[in-house]
Protein chains: 2
Amino acid sequence: MQILQPEDQHWENSVIESFLKIVKSVDGDFEAVTELSNTVSDPNSLDLIIEFLCRHPRGKQAFEEKFLLGEVNLQKLYQYPKNTLGYCYAAHMIENGLSPFETHEINNKYQYLSVHIRETHDLWHIVTGCNTNMIGEIQLESFYVAQLYASRFWLALIAKNLTKLVIYDIEKSTEYMDAITRGWIMAKQAEPLFGVQWNNLWETPLDEVRQSLNIILPDI
Amino acid sequence: MQILQPEDQHWENSVIESFLKIVKSVDGDFEAVTELSNTVSDPNSLDLIIEFLCRHPRGKQAFEEKFLLGEVNLQKLYQYPKNTLGYCYAAHMIENGLSPFETHEINNKYQYLSVHIRETHDLWHIVTGCNTNMIGEIQLESFYVAQLYASRFWLALIAKNLTKLVIYDIEKSTEYMDAITRGWIMAKQAEPLFGVQWNNLWETPLDEVRQSLNIILPDI
């Protein structure tokens, strides 16, 4: 265990406070998620994530060029053939009443990390085949923990979901643990998804995209 | 999510309190573990566990006959051939300075569940190959969650360990998640360990015991 310095005591208390808040919140409480994200995303762990992502040429290039998904025309993508990434993404967004993430100004590597992950989050859902119910979300959280290496945020979401399970829903243990295991194994065998330029792949069949990234649903 | 009744609010607060206490404790704080166990082991979830275990003939027989490991002569087992379960168990206990669990009186199924799990805990360590460091413990916690189906206690230990990881040790995410995954897969493919009469197996080679229970280390 790392030894906390006195100045970390305040941080430790803040993390525990925001963790408790999200445990006591209903699932999908955006304010609680945002507070947790802000509290646990300290520069040290973000540096670890960035250093890890940059070990792969794709991540390195992404941080150098800071390319973004940019504006997405869902109606246009929705006209694409049904087997394409573009159509599957558009259908997912439209059917779930979601809007593409609005692009923010990027001034540094931390902002790029945050914006790139947020604007591609629904694409990760599509490509990994994780749906948006709790089981899909927890599978994707586990996938993120593997692919980002040192993410306090995504790991905190798993810890939060397991804590809620202990208190409210113990009979779902098997479903949750299966999802964590599936997400973990899938992420470890897959290519890194961080830095993929999805907007070059709208017309590519989803199956081909998955194959190129070695996304395989484990037999769990 | 189950709807909590008003009388459950007190229970919910107690669980959160004991969870926080163990998050803030040093690893292996026996008092915090005991408090957590007492708080989360409500009759409803224990009934679910017992009902689940009794679906297998071995578990059913164990609850009917309530057999125990009983007194164990470690010095005698330590003289057995080195490949036997008896020797491996005795060596583990002696080398770690552990004493066999003292048998308690059994008056009901809940006490049997608790005593049987506690007195066989170190045997589960040996048979699953999980050592007693944090990685071995978390792998075994995951194994218990799978094999006991609805255990708030073992799942709370995993949630606690992930929460501590978020705050203190984020760089160990991969090791911990690998251990959770290994324990989970191993437990799902293994025969149930609950109700095994280990004291009939002291002279059996450990490899044979593992084989008979289909204990296979997953390639994670």
Side-chain angles (χ1 to χ4, degrees), chain A residues 1-4 8 11-16 19-20 23-24 26-27 36 39-40 42 44-45 48-49 52 134 142 145-146 148-174 176-178 180-185 187-188 218 220, chain B residues 1-4 8 11-16 19-20 23-24 26-27 36 39-40 42 44-45 48-49 52 134 142 145-146 148-174 176-178 180-185 187-188 218 220:
Chain A
M1 185 184 292
Q2 291 164 12
I3 304 302
L4 287 174
D8 294 326
W11 179 78
E12 179 183 346
N13 291 337
S14 305
V15 173
I16 289 175
F19 183 78
L20 279 186
V23 165
K24 292 177 177 177
V26 293
D27 292 332
L36 181 72
T39 311
V40 299
D42 67 306
N44 287 350
S45 65
L48 288 171
I49 295 171
F52 176 78
M134 180 48 81
S142 183
V145 172
L148 301 182
Y149 170 64
S151 170
R152 296 189 201 270
F153 172 66
W154 294 103
L155 191 64
L157 289 182
I158 297 178
K160 175 270 289 187
N161 284 321
L162 294 184
T163 305
K164 291 184 81 164
L165 207 57
V166 167
I167 304 173
Y168 306 110
D169 248 345
I170 191 63
E171 283 190 82
K172 290 190 179 156
S173 303
T174 304
Y176 275 49
M177 292 291 284
D178 276 348
I180 290 172
T181 303
R182 271 197 305 272
W184 185 252
I185 292 175
K188 286 191 75 168
I220 304 290
Chain B
M1 186 185 292
Q2 292 165 13
I3 306 299
L4 287 174
D8 294 327
W11 179 77
E12 181 184 344
N13 292 337
S14 304
V15 173
I16 289 175
F19 183 78
L20 279 186
V23 165
K24 292 177 178 176
V26 292
D27 292 333
L36 181 73
T39 311
V40 298
D42 67 305
N44 288 350
S45 66
L48 289 171
I49 295 172
F52 176 78
M134 180 48 80
S142 184
V145 172
L148 301 183
Y149 170 64
S151 170
R152 297 190 200 271
F153 172 66
W154 294 103
L155 192 64
L157 289 183
I158 296 178
K160 175 271 289 188
N161 284 321
L162 293 184
T163 305
K164 290 185 81 163
L165 206 57
V166 167
I167 305 173
Y168 307 110
D169 246 346
I170 191 62
E171 282 190 83
K172 290 191 179 155
S173 302
T174 304
Y176 274 50
M177 293 291 284
D178 276 347
I180 290 171
T181 303
R182 270 197 306 270
W184 185 253
I185 292 175
K188 285 191 75 167
I220 304 289

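Proteins come first, then strands; the chains are lettered A, B, ... in the order of their sequence lines, and each starts at number 1.
Between A:Ile167 and B:Arg152, the shortest heavy-atom contact is O-NH1, 3.4 Å. In this structure, A:Ser173 and B:Leu155 approach most closely via the heavy-atom pair OG-CD2, 3.9 Å.
Using a 4.5 Å cut-off between heavy atoms, A:Ala156 touches chain B through backbone and side chain atoms alike. Proximity to chain A (any heavy atom under 4.5 Å) is shown, for B:Asp178, by both the backbone and the side chain. Residue A:Tyr149 touches chain B through both its backbone and its side chain, counting heavy-atom pairs closer than 4.5 Å. Contacts of B:Ala146 with chain A are absent, with no heavy-atom separation under 4.5 Å from either backbone or side chain. A:Asn44 does not touch chain B: none of its heavy atoms, backbone or side chain, sits under 4.5 Å away. Neither the backbone nor the side chain of A:Lys160 comes within contact range of chain B; no heavy atoms are under 4.5 Å apart.
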Any chance you could lay out the side-chain contact (heavy atoms from CB on, under 4.5 Å) test for A:Ile16 and B:Lys24, step after step, and finish with the verdict?
CA-CA 10 Å; A:Ile16 289 175; B:Lys24 292 177 178 176; 3.6 Å; yes
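When each of A:Ser142, A:Ser45, A:Ala159 is checked for heavy-atom pairs under 4.5 Å with chain B, A:Ala159 comes out on top. Each of B:Thr163, B:Val166, B:Thr174 has some count of heavy-atom pairs under 4.5 Å with chain A, and the biggest count is that of B:Val166. Contacts with chain B were tallied for A:Leu162, A:Asp42, A:Val23; A:Leu162 has the most, counting heavy-atom pairs under 4.5 Å.
Residues A:Met177 and B:Ile158 are in side-chain contact: their nearest non-hydrogen atoms beyond the backbone lie under 4.5 Å apart. Side-chain atoms of A:Phe19 and B:Phe19, non-hydrogen and from C-beta on, do get closer than 4.5 Å to each other.
The structure places CD1 of A:Ile49 at 7.5 Å from CD1 of B:Ile170, a figure rounded to the nearest 0.5 Å.
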